[in-house]
Amino acid sequence: MKRVRFAPSPTGNLHIGTLRTALFNWLFAKRYNATYILRIEDTDKARSKPEYEGNIYEGMDWMGIIEDEGPKKGGKFGPYRQTERIVDGIYQKQLDRLLEEKKAYYCFCTDHDLDGEREDAKHKNRPYIYSRKCLHLSAEEIDEKLKSDISRTVKFEIPDTKSLIVSDGVRDDIDFDCRLISDFVLLKSDGNPSYNYSVVVDDALMGITDVIRGEDHISNTPRQLLLFKALGFTPPQYHHLPMILGQDKSKLSKRHGATAVTDYENQGYLSDALYNFLALLGWSPTDTTEIFDRTSLSTLFSMDRISKSNAVFDVTKLKWMNGQYIRSLEPAALAEKVKPFIDDINLAILDTYTESDVVKIIYSVRDNIALLPDINGYLESFNTSFISFSEKVKSFQFSDSEKQVVLDFCCSVFEHSEFTSENISETMDVIVTKNDGKKGKVFKPIRKALIGLERGPNIVEIVSLLGKDVLSERASFLGKYFSA
RNA sequence: GGCCCUAUCGUCUAGUGGUUAGGACACAUGGUUUUCAUCCAUGCAACCGGAGUUCGAUUCUCCGUAGGGCUACCA
């Protein structure tokens, strides 16, 4: 059984790029029947915040990505939060082995020393490699320094290998020259494991078989692979995903506008749409289908169709896709999604209707909506307020023939005992026929006179929902107004 | 600077040693619609450059170029 993990660090709100990584891990799990693990990498004490971890859960929940094992869910390989694993001594235990086997060593160099070496390397146009000053310390020297309160780290000694092959599930084998890689920190001076160290220990101990992550981790991979070997664990298969870029083709970041998943939720995107859209950023099916439900995505997804090149995040297409999803929703489901985005003014309008009419109203304007809050621009037509209506009507000019059409309609429509769409439509048809089949000459004045607006959803729908009472109020007003 | 990855319409992408290089978004035009929107049709638009391999390269190789990533006691 394969095991994959999504390992975000709670140092900010869940990012769209991070979410994509989670999604691909999730899709991999669904497709290849793997266990999906959520691990919180919070070893950066300064930047990690509980509220960010909460934001991650919130985003995962919204997207419907549910972990099989994780901090909240538990599991046999826990704990799943790195700070808790530190307390359990998990990293220390492995570190002792490395120290014992002389694969790692204490380093007492100061920031100042290290910065100097780095500057020197830069000056000489050479890659920075740690001088290994501390590798050659005698046992006595080390003991003495360890007893003092002098700051120390533990570093990994990079083996002198010319060629280290990293196999990647997405691209060809990648060849690294280890002589160009500097010894790096395993244990930070604050006593916490570094990322490159903790990630290896955790992936190893949690039995991770496949690591699916962003391409920005490629250069970390040789270090991690070396650590796997030094610890005697079998490394996972790595798969490096292309990056998501902003419009200017640089790494997607805050300056590109909305990048937090919650931003998209708040703007009125449907999680289904984002899910579908993100899946298509770096993966493509064998045919030209673009709209997938979650189930078919889970079965169609495959690692061998992941692309290698970075992708620009195109909000315009996401917006289009959101519209597609909105239009595919059933009336009740659409109403439920839309309601939280309706503003107070429009809420007041809807309050004058029954629950089932509200659902019909919302459904009647679905073609005009790309983002959920767009609904607010289309509800005015259903305003039953007489004051607001009469004021709007007074701003229009009506010709005599237009007045006649409106009056005709008002007379005929009340012949129906019920205001169903069919009945209203039938009345309309009669009037259109009377006017030489010229629909424009009928629909436009009726909309202006009865609604007080020039645009809006289907007039037949509006009239049937407005109902008899409101319409008779308006009709009698128009009767007086037109003859005045 | 060093190391690594990548390169097809503006964007997301499909694809092949010989194709009219396909689809989607966007854009333009036309149609349907009472209007807006939706929907439908059509159009516009791409193989980064140079060598090499080959009868033939967008496709394979190399070299450039461009973009991206990493180069931390951040993850």
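In what follows, chains carry the letters A, B, and so on, assigned in the order in which the sequence lines appear, proteins first and then strands, with residues in each chain numbered from 1.
Using a 4.0 Å heavy-atom criterion, one finds that A:His217 contacts the bases of the nucleic acid, with or without backbone contacts as well. Within the 4.0 angstrom heavy-atom criterion, no nucleotide atom of any strand lies near A:Asp168. Note on A:Arg118: only backbone sugar-phosphate atoms sit closer than 4.0 angstrom, heavy atoms only; bases stay farther off. Among the protein residues, A:Cys109 comes within range of the nucleic acid bases, having at least one heavy atom under 4.0 Å from a base atom. Using a 4.0 Å heavy-atom criterion, one finds that A:Gln82 contacts no nucleic acid atom at all. At the heavy-atom level, A:Ser189 lies under 4.0 Å from base atoms of the strands shown. Backbone-only contact: A:Glu41 has heavy atoms under 4.0 Å from sugar-phosphate atoms and none from a base.
For the pair A:Arg179 CZ and B:U71 P, the computed distance is 22 Å after rounding to whole Å. What separates CZ of A:Phe176 from P of B:G2 is a distance of 16 Å, to the nearest Å. Atom CH2 of A:Trp283 is separated from atom C1' of B:A14 by 12 Å (rounded to the nearest Å). As rounded to whole Å, 8 Å separates atom P of B:G1 from atom CG of A:Asn125. Atom pair A:Asn276:CG and B:U13:P shows a separation of 14 Å (rounding to whole Å applied). In this entry the distance linking NZ of A:Lys308 with P of B:A14 reads 10 Å, nearest Å. As a whole-Å value, the separation of A:Leu187 CG from B:C73 P is 13 Å. Separating the CZ atom of A:Arg213 from the C1' atom of B:C70 is a distance of 12 Å, rounded to the nearest angstrom.
In this structure, B:C70 forms a base pair with B:G2, meeting either the Watson-Crick or the G-U wobble geometry with both donor-acceptor distances under 3.5 Å. For B:G52, the paired base is B:C60 (Watson-Crick or G-U wobble, both distances below 3.5 Å). Under the Watson-Crick or G-U wobble criterion, with both distances below 3.5 Å, B:U65 is paired with B:A7. Under the Watson-Crick or G-U wobble criterion, with both distances below 3.5 Å, B:A46 is left unpaired in every strand shown. With a 3.5 Å ceiling on both atom-pair distances, B:U33 lacks any Watson-Crick or G-U wobble partner. Base pairing of B:A14 is not made with any nucleotide, judged by Watson-Crick or G-U wobble geometry with both donor-acceptor distances under 3.5 Å. Pairing for B:U38 is absent, judged as Watson-Crick or G-U wobble with the two contacts each under 3.5 Å.
For the residue pair A:Ser309 and A:Ser307, no side-chain donor N or O sits within less than 3.5 Å of a side-chain acceptor on the partner. A side-chain donor from one of A:Asp202 and A:Tyr91 sits under 3.5 Å from a side-chain acceptor of the other. Side-chain contact of A:Glu117 with A:Ser131: a donor-acceptor pair under 3.5 Å is present, judged by distance alone. No side-chain N or O of A:Asn55 forms a donor-acceptor pair with one of A:Glu51 less than 3.5 Å apart. Side-chain atoms of A:Asp42 and A:Thr83 include a donor-acceptor pair closer than 3.5 Å.
A salt bridge links A:Arg39 to A:Glu41: one of the charged nitrogens lies within less than 4.0 Å of a carboxylate oxygen. Here A:Asp44 pairs with A:Arg47 in a salt bridge; the nearest charged N to carboxylate O distance falls below 4.0 Å.
Around atom NZ of A:Lys441, no more than 12 heavy atoms belonging to other residues, nucleotides or ligands sit under 6.0 Å away. Heavy-atom neighbours of A:Ile345 CD1 from other residues, nucleotides or ligands within 6.0 Å: at or below the threshold of 12.
Counting only heavy atoms from C-beta on, A:Asp111 has its side chain closest to B:C73 among B:C4, B:A14, B:C73. In the set B:C4, B:A75, B:A24, the nucleotide with an atom closest to the side chain of A:Lys317 is B:A24. In this structure, of B:A26, B:A75, B:G68, it is B:A26 that holds the atom nearest to the side chain of A:Thr316. Side-chain proximity of A:Asn220 to the nucleotides B:A14, B:G2, B:A75 is greatest for B:A75. Checking B:A72, B:A75, B:G69 against the side-chain heavy atoms of A:Ser219 singles out B:G69 as nearest. Here the nucleotide nearest the side chain of A:Ser151, chosen from B:U13, B:C3, B:C73, is B:C73. Taking every side-chain heavy atom of A:Asp44 into account, B:C74 is the closest of B:U13, B:C73, B:C74. Of the candidate nucleotides B:C74, B:G23, B:G68, B:G23 has the atom nearest to the side chain of A:Glu290.
Taking only side-chain nitrogens and oxygens, A:Ser284 comes nearer than 4.0 Å to OP1 or OP2 of B:A14. Regarding contacts with the backbone of B:G15, a side-chain N or O of A:Arg305 is found under 4.0 angstrom from either OP1 or OP2. An OP1 or OP2 oxygen of B:A75 is reached within less than 4.0 angstrom by a side-chain nitrogen or oxygen of A:Thr43. In this structure, A:Lys251 reaches the B:C70 phosphate: one of its side-chain N or O atoms is under 4.0 Å from OP1 or OP2. Applying the 4.0 Å criterion to OP1 and OP2 of B:C12, one finds that A:Gln247 has every side-chain N and O outside that range. In terms of phosphate contacts, A:Lys188 brings a side-chain nitrogen or oxygen within less than 4.0 Å of OP1 or OP2 of B:C74.
Taking 3.5 Å as the limit, the base of B:A7 and the side chain of A:Asn310 contain no donor-acceptor pair of atoms between them. In terms of polar N and O atoms assigned as donor or acceptor, the side chain of A:Thr153 never comes within less than 3.5 Å of the base of B:C73 in a complementary pairing.
If you take atom C1' in B:U11 and the same atom in B:C44, they sit 15 Å apart, rounded to whole Å. The same atom, P, is picked in B:U58 and in B:G43; the two are 26 Å apart, to the nearest Å. Taking atom P in both B:A45 and B:C9, the straight-line distance is 14 Å, to the nearest Å. Look at the P atom in both B:A24 and B:C39: the space between them is 13 Å, to the nearest Å. Distance noted for atom C1' between B:U32 and B:A37: 13 Å (whole Å). Taking atom C1' on both B:C12 and B:A46, the two are 13 Å apart, rounded to the nearest angstrom. With P as the reference atom, B:U29 and B:G17 are 40 Å apart, rounded to whole Å. Rounded to the nearest Å, the gap between the C1' atom of B:U13 and that of B:G18 is 24 Å.
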| Given the rule in the side chain to side chain donor-acceptor pair (under 3.5 Å) test, do A:Ser271 and A:Arg294 qualify, once you have shown the distances and angles that lead to the verdict? | CA-CA 11 Å; A:Ser271 72; A:Arg294 295 176 191 239; 3.2 Å; yes
| remark: Its contact letters, B for base, S for sugar-phosphate only and - for none at protein heavy atoms under 4.0 Å, make nucleotides 28-37 of chain B read ------BBBB
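Both A:Asp177 and A:Ser250 sit near RNA chain B, but only A:Asp177 has its closest nucleotide nearer the 5' end. Of the two residues contacting RNA chain B, namely A:Thr288 and A:Tyr128, the nearest-nucleotide position lying further toward the 5' end is that of A:Thr288.
A distance below 6.0 Å separates the ring centres of A:Phe313 and A:Tyr264.
With rounding to the nearest 0.5 angstrom, the OH atom of A:Tyr275 is 6.0 Å from the CG atom of A:Leu297.
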